[in-house]
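As structure tokens, the structure follows; a few thoughts come after it.
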Amino acid sequence: MATLSSSTHYGSIAYSRSSISSSSSSDGHHQRLGFSSSSSFQQRFLPAKLSLQSVRNSHQNVVLMQDGAVATTATPVGNETPFKKLKDGLLSGTSLEEDAAGFDINENESTVSITVVGASGDLAKKKIFPALFALYYEGCLPEHFTICGYARSKMTDAELRNMVSRTLTCRIDKRENCDEKMEQFLKRCFYHSGQYDSEENFADLDKKLKQHEGRRVSNRLFYLSIPPNIFIDAVKCASVSASSGNGWTRVIVEKPFGRDSESSAALTKSLKQYLAEEQIFRIDHYLGKELVENLSVLRFSNLIFEPLWSRQYIRNVQFIFSEDFGTEGRGGYFDNYGIIRDIMQNHLLQILALFAMETPVSLDAEDIRNEKVKVLRSMRPLQLEDVVVGQYKSHTKGGVTYPAYTDDNTVPKGSLTPTFAAAALFIDNARWDGVPFLMKAGKALHTKSAEIRVQFRHVPGNLYNRNFGTDLDRATNELVIRVQPDEAIYLKINNKVPGLGMRLDRSNLNLLYAARYSKEIPDAYERLLLDAVEGERRLFIRSDELDAAWSLFTPLLKELEEKKVIPEYYPYGSRGPVGAHYLAARYNVRWGDISLEQ
Ligand SMILES: NC(=O)C1=CN([C@@H]2O[C@H](COP(=O)(O)OP(=O)(O)OC[C@H]3O[C@@H](n4cnc5c(N)ncnc54)[C@H](OP(=O)(O)O)[C@@H]3O)[C@@H](O)[C@H]2O)C=CC1
Ligand SMILES: O=C1O[C@H](COP(=O)(O)O)[C@@H](O)[C@H](O)[C@H]1O
């Protein structure tokens with residue numbers, strides 16, 4: 001059982017995106033571990049490795065450790081001096097010499113081994129390997145790194161490289177030495193075939209990794225890109241047989257994190273048998289999207305927004321996700337989850353939490369996650385009457401027939417699983433009391449997009465009311481954060497049409513990223529993988545956040561299933577069920593994405 005608590009943090013950590021070299025601290029001092037290899041999980045996984053941050057004060061060198069603990073060196077950093085942990089602890093009493101016993105480690109060099117578990121799968125091919133290459137291309141991976149694909153499929157290293165190479169692309173804004181970089185990257189990729197529940201197979205993986213790591217301090221990142229029913233087997237085997245004996249070990253876990261409060265808690269409990277919370281990186285790739293990252297910057301670093309960010313000025317907020325394709329190929333997975341679990345409970349709710357949280361004490365991961373938990377816990381669990389569910393049906397357009405959800409062979413006939421949902425949520429705190437937060441998510445709709453829309457209140461006693469006619473809603477300001485595609489932030493304002501008369505129209509103050517920035521926007525997986533390598537947890541989901549998120553949705557999901565609520569059918573490629581409009585209208589809201597001026 002892992003025993004470390006997520007406790008102490010030493011100040012706030014400056015967040016940097018600079019490339020990492022194998023030397024770990026700014027002054028060239030290198031990390032090393034203070035305990036020896038042990039067969040117990042606890043010792044193998046104790047995350048008592050030093051982080052990249054070291055802080056120097058006048059008397060002693062203070063080093064922030066990965067688990068949040070603080071260690072000191074008695075002499076200036078850079079000398080070979082034992083670390084002593086200040087808290088009661090893991091390293092106290094150990095000396096560097098003792099720690100090194102049994103190791104022939106060159107503590108001046110470290111390496112990162114990234115094992116993609118489920119390397120033969122869709123996500124690995126589509127997202128993970130390309131993101132790793134992009135990081136390499138940008139010089140963001142450490143000097144010494146190894147990438148290992150692990151799956152049951154039989155493949156040679158050459159076959160893995162061949163598979164991976166088909167998905168690699170270079171940055172559109174750069175492209176220099178593209179082929180050369182790809183070749184260098186592929187040389188660092190290896191493959192190991194094994195079962196997910198075999199400690200022996202993972203022990204063989206360990207041997208292979210060690211060969212690549214040599215005498216360097218080894219840091220290991222496992223990316224679980226496998227179906228959820230085998231997460232625990234893989235974590236157990238990786239922890240028993242392939243965790244680092246002298247560096248950090250971290251595990252990225254993909255969604256779904258359970259399908260309700262109970263199963264999520266059970267998953268967390270099982271993971272924590274083998275990992276400390278600090279080692280678990282629960283990924284929600286929407287948190288890695290550029291415009292979602294920018295949400296806090298927009299709000300907290302612009303005086304014009306933060307004072308408006310409350311019930312006093314905001315009428316409603318909308319979180320909208322739509323895809324213009326169905327569940328193609330993923331119907332088997334999807335049918336067990338549905339759109340509420342697939343998109344709302346995680347991606348949209350995470351964005352909502354970032355949007356609505358109070359100002360965090362700092363940009364430190366724990367400070368941000370504390371605020372997110374607080375706002376999630378201030379929310380009302382969803383009520384059935386505040387939710388509309390839909391499912392797409394077949395539709396023929398321009399001579400092409402698009403399938404119904406239930407036409408997918410992997411979906412049970414007569415399935416009631418929603419492929420569309422709209423919901424009204426409320427935050428019962430002083431800032432947001434009474435403000436509807438509307439969510440809408442659907443597959444097989446008319447467009448692919450994700451956006452946040454903030455609709456402001458009417459201007460009281462507006463001198464220009466008569467210029468707007470009776471539809472005052474049309475005249476309210478709206479801030480749109482378009483997450484994808486064509487990333488943009490625009491603010492709808494009322495403006496005088498130039499000329500001698502007094503005619504007003506709605507115009508946009510528009511920040512279109514493609515026009516403003518020439519740099520290509522990194523994929524969300526790049527940012528998140530880099531964060532995991534750097535030990536930055538800000539964009540990963542903590543277990544209490546997850547519990548709070550499930551508490552909001554679990555009663556509703558149970559009720560939908562128990563009552564066998566029949567979804568409203570909508571044609572493939574349409575704008576979704578009309579019920580979504582009635583729901584919004586109940587709260588005096590109009591969906592921003594369907595108005596003529598979007
Ligand atoms: N694909 C996507 O777009 C997204 C996926 N995810 C999540 O990421 C994870 C991986 O997704 P994805 O790549 O699509 O998954 P896949 O279904 O492609 O599975 C990945 C690999 O796991 C192995 N595998 C598949 N099914 C089983 C099984 N029943 N028992 C044992 N091994 C199995 C296969 O490798 P082999 O047979 O070689 O061992 C397969 O190549 C999942 O948790 C998914 O929910 C999250 C967001 C988006
Ligand atoms: O997590 C998921 O996200 C994708 C959409 O991701 P995007 O980055 O392409 O917008 C969705 O298709 C999938 O169903 C869901 O599991």
Side-chain angles (χ1 to χ4, degrees), residues 115-131 149-155 159-160 163 167 191-198 201 205 222-235 237 251-259 267 281-292 319-351 405 408 410 417-421 441-445 447-451 482-485 487 521-528 541:
T115 302
V116 182
V117 182
S120 56
D122 181 57
L123 186 71
K125 283 187 254 188
K126 219 169 54 185
K127 292 289 185 185
I128 305 172
F129 287 114
Y150 185 99
R152 297 171 308 177
S153 304
K154 299 279 177 242
M155 250 192 276
E159 282 164 337
L160 174 88
M163 180 192 92
T167 64
Y191 184 73
H192 189 78
S193 167
Q195 300 295 321
Y196 302 108
D197 59 357
S198 165
N201 292 168
L205 168 72
F222 292 88
Y223 195 128
L224 298 191
S225 183
I226 44 178
N229 57 319
I230 47 176
F231 282 173
I232 298 303
D233 282 341
V235 165
C237 294
V251 179
I252 298 182
V253 185
E254 261 295 348
K255 62 176 262 251
F257 313 119
R259 59 188 309 284
L267 176 64
F281 287 67
R282 295 178 193 83
I283 199 166
D284 182 316
H285 76 281
Y286 265 64
L287 291 181
K289 295 205 183 246
E290 187 65 40
L291 282 247
V292 176
F319 301 88
I320 302 173
F321 166 96
S322 70
E323 274 181 345
D324 55 1
F325 49 89
T327 54
E328 284 112 58
R330 292 186 76 217
Y333 150 80
F334 190 87
D335 200 66
N336 195 23
Y337 291 91
I339 199 79
I340 297 177
R341 294 184 177 93
D342 193 44
I343 303 292
M344 280 189 170
Q345 180 272 349
N346 38 68
H347 303 328
L348 297 189
L349 189 65
Q350 282 295 319
I351 301 177
Y405 171 64
D408 186 328
T410 58
T417 299
T419 58
F420 174 98
K443 291 194 174 264
L445 294 172
T447 186
K448 176 170 168 51
S449 75
E451 56 188 25
R482 193 159 66 217
V483 176
Q484 63 187 31
E487 291 82 350
I521 293 177
D523 187 77
Y525 283 86
E526 291 173 36
R527 188 187 314 279
L528 295 168
I541 301 166

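For the single chain, residues carry numbers from 1 onward in sequence order. Reckoned from all heavy atoms, side chains included, excluding hydrogens, waters and symmetry mates. Counting convention: from 1, in listed order, for ligands and their atoms alike.
At a cut-off of 3.5 Å, with distance as the only test, a side-chain donor of Tyr333 or Asp342 sits close to an acceptor on the other residue.
With hydrogens and angles ignored, the 3.5 Å screen pairs a side-chain donor or acceptor of Lys125 with a backbone N or O of Ser120. No donor-acceptor distance shorter than 3.5 angstrom exists from the side chain of Tyr337 to the backbone of Gly258, with no hydrogens or angles considered.
In this structure, Tyr405 and Phe334 have perpendicular ring planes: the angle between them is above 60°, well past the 30° mark.
Where the criterion is an N or O separation shorter than 3.5 Å, residue side chain and backbone included, Tyr333 fails it with respect to ligand 1. Between Phe231 and ligand 1, no pair of N/O atoms sits closer than 3.5 Å. Looking at Tyr525 next to ligand 1, no N or O pair under 3.5 Å apart turns up. Looking at ligand 1, you'll find an N or O of Gly121 within less than 3.5 Å of one of its N or O atoms.
Counting protein heavy atoms only, atom 42 (C) of ligand 1 is closest to Ile226 O, 3.3 Å. With hydrogens left out, the protein atom closest to atom 12 (P) of ligand 1 is Leu123 N, 3.8 Å, a heavy atom. Among all non-hydrogen protein atoms, the one lying nearest atom 22 (O) of ligand 1 is Pro227 CD, 3.5 Å. Nearest protein neighbour of atom 14 (O) of ligand 1, counting heavy atoms only, is Asp122 CB, 3.5 Å. The protein non-hydrogen atom at the shortest distance from atom 46 (C) of ligand 1 is Glu254 OE1, 3.2 Å. Ranking the protein heavy atoms by distance from atom 34 (C) of ligand 1 puts Ser120 OG, 3.9 Å first.
Contact detail for Ser153 and Ser193: the closest heavy-atom pair is O-OG, 3.4 Å. Among all heavy-atom pairs drawn from Phe325 and Lys443, the shortest one is O-CB, 3.6 Å.
At a heavy-atom cutoff of 4.0 Å, ligand 1 is contacted by both the backbone and the side chain of Arg152. Of all the heavy atoms of His285, none lies under 4.0 Å from any atom of ligand 1, so neither backbone nor side chain is involved. Only the side chain of Ile230 comes within 4.0 Å of ligand 1, counting heavy atoms alone; its backbone N, CA, C and O stay farther away.
Within the set Lys255, Gln484, Lys289, the minimum heavy-atom distance to atom 8 (O) of ligand 2 is found for Lys289. The residue among Lys255, Lys154, Arg330 with a heavy atom at the shortest distance from atom 5 (C) of ligand 1 is Arg330. Between Gly149, Ala234, Ser153, it is Ser153 that holds the heavy atom closest to atom 38 (O) of ligand 1.
Every heavy atom of Lys127 sits 4.0 Å or more from the atoms of ligand 1. Not a single heavy atom of Phe334 sits closer than 4.0 Å to an atom of ligand 2.
How far CZ of Arg282 is from CG of Leu287: 13.0 Å, rounded to the nearest 0.5 Å.
Close contacts of ligand 2 with Glu323, meaning ligand atoms under 4.0 Å from a residue heavy atom, involve 4 (C), 5 (C), 11 (C), 12 (O). Interface atoms of ligand 2 facing Lys443, defined by a heavy-atom separation under 4.0 Å, are 11 (C), 12 (O), 13 (C), 14 (O). Near Lys448, meaning under 4.0 Å from any of its heavy atoms, are these atoms of ligand 2: 9 (O), 10 (O). Atoms of ligand 2 lying under 4.0 Å from at least one heavy atom of His347, given by number and element, are 1 (O), 2 (C), 3 (O).
Atom 17 (O) of ligand 1 lies below 4.0 Å from none of the non-hydrogen atoms of the protein. Checking atom 29 (N) of ligand 1 against the protein gives no heavy-atom contact under 4.0 Å.
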